[in-house]
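A quick note: this is a predicted structure, and the numbers were derived from the prediction, not measured.
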Amino acid sequence: MIQVFTGSWALFLGMFLLMVGNGLQGTLLGLRGDLEGFSTFALSVVMSAYFVGFLISSRITPELIRRVGHIRVFAALGSLISAVLISYPVLVEPWAWSIGRVIIGFCFCGVYVTAESWLNDASSNETRGKSLSLYMIVQMAGIVFAQWIVSQGDVSGYILFIIPSILVSLAFAPILLAVRPMPAFETTKPMKIKEVIEASPLACVGMFMLGGVFAAQFGMSAVYGNRVGLTVGEISFFISAIYVSALVLQWPIGWLSDRMDRRVLIIWISLIGGAGSLIAFLIPGHFALIVFSGAVVGGMSNPLYALLLAYANDYLEREDMAAASGGLLFINGLGAILGPLIVGSMMDLIGNNGFWLFTAVLMFAVALYGTYRTTQRSRSDIDTDAVPYAAVSASSTPVLAEVAQEVYIEAEEEAVEAENAAEAS
């Protein structure tokens, strides 16, 4: 792991700063919007707008890179991010923030696509899995560190909006100065949604539901915390708990994933996540329970994303894995767009704890559908050997999903070679 970091330290440092900036703006807008008197629905539209831009960019950015190159796209999108971040406290209107969030989502996705392309190019077959894990650690650490910065500043002022703009601007210096030029850029054309659904209905339904859960966590957690009377420090701690638990539980769940029926694990993880949400819904107002529930839902839902991706690959030929990942990410993106809108409406209709009811319903729905699928397809229906689990964060792009697919394939090939060698001896 140390060798991987030293070989691509500039890229990891730049991505850490970018994730701090992204984590700051997500929490800040929820807190500042509430302070400015935005309605819950208006804030939900603002939060949803990010995922609209992200989803559009996942389809457009690869073509932009092919036309003008990685460095130009990277620099241009970075400049836009920095400009939008410092415009938020100047244009304090829901419509302006919504437009800004679309732009921010578009740009961050484009930046991730570019950086992840560099990461893949800098990784060898031996280091790709470690690079993927380290990349996820850097992402989570950046978001958690951002929450600490929020807790130290004044949400009603300008400084907390200027800081992410500065950090994002600084993030591009080490990357652009130290990373080598990229070769010709190619991405796999996504598989048709119908084909992905036919290959793994459970993975598709799970990805759609998880999109809503992730969007609620990333976009509406600060809004919820503010509405129930938590302090800025408590809100920061609550959001940090979501991502810390996601990071800590990623590997134990991955270990279990490679040693048991993945559908059973999907069902149990979904049930635990739903139960965690239900606790906070039924016993509202206790900060310790809010943090506990956030940690449970975050710790279950984020690894579940990678688990569903691995489960879908169990039913795919190797040459179809990369194409299917693009379709699954698109389905996840649709759920993420709808998530804040629905949870915002539920908070208006039944109160602030609609936030927890929303995540509970989605997690229980995944468990229920997973149980149904066990009656429709037996484990013996798998056409290929189960692929190894690879840790992938919920904010991944099609490029990172393809990197994960390469890890799956390489691990499978190594297992086959080891088995053949054992038989030969």
**Q** Measure the shortest side-chain to side-chain distance between I162 and L85 over non-hydrogen atoms and say whether it is less than 4.5 angstrom.
**A**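 No, too far: nothing below the 4.5 Å cut-off.
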**Q** What distance separates I166 CD1 from S82 OG, expressed to the nearest 0.5 Å?
**A**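 So the gap between those two atoms works out to 8.5 Å.
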**Q** Check residues 210-219 and write down every donor-acceptor pair under 3.5 Å in which the side-chain atom is one partner and the other belongs to a residue at least two apart or another chain.
**A**
from : atom 1 : to   : atom 2 : distance (Å)
Q217 : NE2    : S301 : OG     : 3.3

**Q** Heavy-atom count check: over 12 atoms from other residues, nucleotides or ligands less than 6.0 Å from Y369 OH?
**A** yes
**Q** Give, for atom CE of M363 and atom CE of M209, the distance between the pair rounded to the nearest 0.5 Å.
**A**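 It is 11.5 Å, given to the nearest 0.5 Å.
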**Q** Could you give the distance from CD1 (I197) to SG (C204), rounded to the nearest 0.5 Å?
**A** 5.0 Å
**Q** Would you say S245's side chain and A295's backbone share a donor-acceptor pair under 3.5 angstrom?
**A** yes
**Q** For G299 versus I253, what's the shortest heavy-atom pair and its separation?
**A**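 Answer, listing the atom of G299 first, then I253: O-CD1, 3.8 Å.
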**Q** State, yes or no, whether a side-chain contact exists between L304 and S270 at a heavy-atom distance under 4.5 Å.
**A** yes
**Q** Minimum heavy-atom separation for S44 to P340, with atom names?
**A** CB-O, 2.9 Å
**Q** Rounded to the nearest 0.5 Å, how far does OH of Y372 lie from CD1 of I267?
**A**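 OH of Y372 is found 13.5 Å from CD1 of I267.
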**Q** If you look at every heavy atom in L77 and G110, which pair is closest and at what distance?
**A** CD1-CA, 3.5 Å
**Q** Compare every heavy atom of V84 with every heavy atom of G100, then report the nearest pair and how far apart it is.
**A** O-CG1, 3.6 Å
**Q** In Å, rounded to the nearest 0.5 Å, how long is the span from CZ of R373 to OH of Y311?
**A**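 With rounding to 0.5 Å, CZ (R373) is 6.5 Å from OH (Y311).
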**Q** I want to check something: taking the side chain as every heavy atom from C-beta on, are N226 and L230 in contact at a cut-off of under 4.5 Å?
**A** no
**Q** Going by heavy atoms in the side chains, are V20 and I149 under 4.5 Å from each other?
**A** yes
**Q** Is a side-chain N or O of R101 found less than 3.5 angstrom from the main chain of A49, in a donor-acceptor match?
**A**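 Not confirmed, R101 side chain does not pair with A49 backbone.
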**Q** Anything under 30° is parallel, anything over 60° is perpendicular, the rest tilted; go ahead and classify W97 against F161.
**A** tilted
**Q** Where do Q139 and I143 land on the side chain to side chain contact (heavy atoms under 4.5 Å, CB included) test, with the steps shown first?
**A** CA-CA 7 Å; Q139 283 186 312; I143 294 176; 5.6 Å; no
**Q** Judged by modelled atom types alone, do R227 and T40 share a side-chain donor-acceptor pair under 3.5 Å?
**A**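 T40 and R227 do have a side-chain donor-acceptor pair below 3.5 Å.
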**Q** Less than 3.5 Å apart, any donor N or O on the side chain of N22 or Y112 sitting next to an acceptor on the other?
**A** yes
**Q** Take S221 and I242 through the test side chain to side chain contact (heavy atoms under 4.5 Å, CB included) and record every step on the way to the result.
**A** CA-CA 10 Å; S221 294; I242 294 173; 3.7 Å; yes
**Q** I'd like to know whether L160 forms a side chain to side chain contact (heavy atoms under 4.5 Å, CB included) with D154, so could you lay out the CA-CA distance, the side-chain angles of the two residues, the decisive distance to 0.1 Å, and finally the verdict.
**A** CA-CA 7 Å; L160 284 179; D154 180 11; 5.7 Å; no
**Q** In terms of the angle between their ring planes, are F145 and W148 parallel, tilted or perpendicular, with boundaries placed at 30° and 60°?
**A** parallel
**Q** I'd like to know if the side chain of D34 and the backbone of V223 have a donor-acceptor N/O pair within less than 3.5 Å.
**A**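 Pair absent, no side-chain N/O of D34 close to backbone of V223.
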**Q** Answer yes or no: is there a side-chain heavy-atom contact under 4.5 Å between Y88 and L29?
**A** yes
**Q** Does any part of the side chain of Q147, heavy atoms only, come nearer than 4.5 Å to the side chain of F237, both counted from C-beta?
**A** no
**Q** Hey, is CZ on F292 packed in by over 12 heavy atoms from elsewhere, all under 6.0 Å?
**A** no
**Q** According to the interplanar angle, ranging from 0 to 90°, do the rings of W356 and Y224 count as parallel (below 30°), tilted (30 to 60°) or perpendicular (above 60°)?
**A** perpendicular
**Q** Ignoring hydrogens, what is the shortest heavy-atom contact between S293 and G276? Give both atom names and the distance.
**A**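 Taking every non-hydrogen atom into account, OG-O, 2.7 Å.
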**Q** So which heavy atom on V297 is nearest to which on S277, and how close?
**A**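 Distance-wise, the nearest heavy atoms are CG2-OG, 3.0 Å.
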**Q** Heavy atoms, side chains only, cut-off 4.5 Å: are L308 and L328 in contact?
**A**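 No, side chains not in contact.
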**Q** Within the 4.5 Å heavy-atom criterion, are M140 and N302 side-chain neighbours or not?
**A**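 Yes - at least one pair of side-chain heavy atoms lies under 4.5 Å apart.
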**Q** Would you compute the distance between atom OG of S169 and atom CG of L18 and round it to the nearest 0.5 angstrom?
**A** 10.0 Å
**Q** Please walk me through it: do T231 and I235 pass side chain to side chain contact (heavy atoms under 4.5 Å, CB included)?
**A** CA-CA 6 Å; T231 66; I235 292 171; over 6 Å; no
**Q** Report yes or no: do S151 and S236 form a side-chain donor-acceptor pair below 3.5 Å?
**A**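 The criterion, which ignores hydrogens and geometry beyond distance, is not satisfied for S236 and S151.
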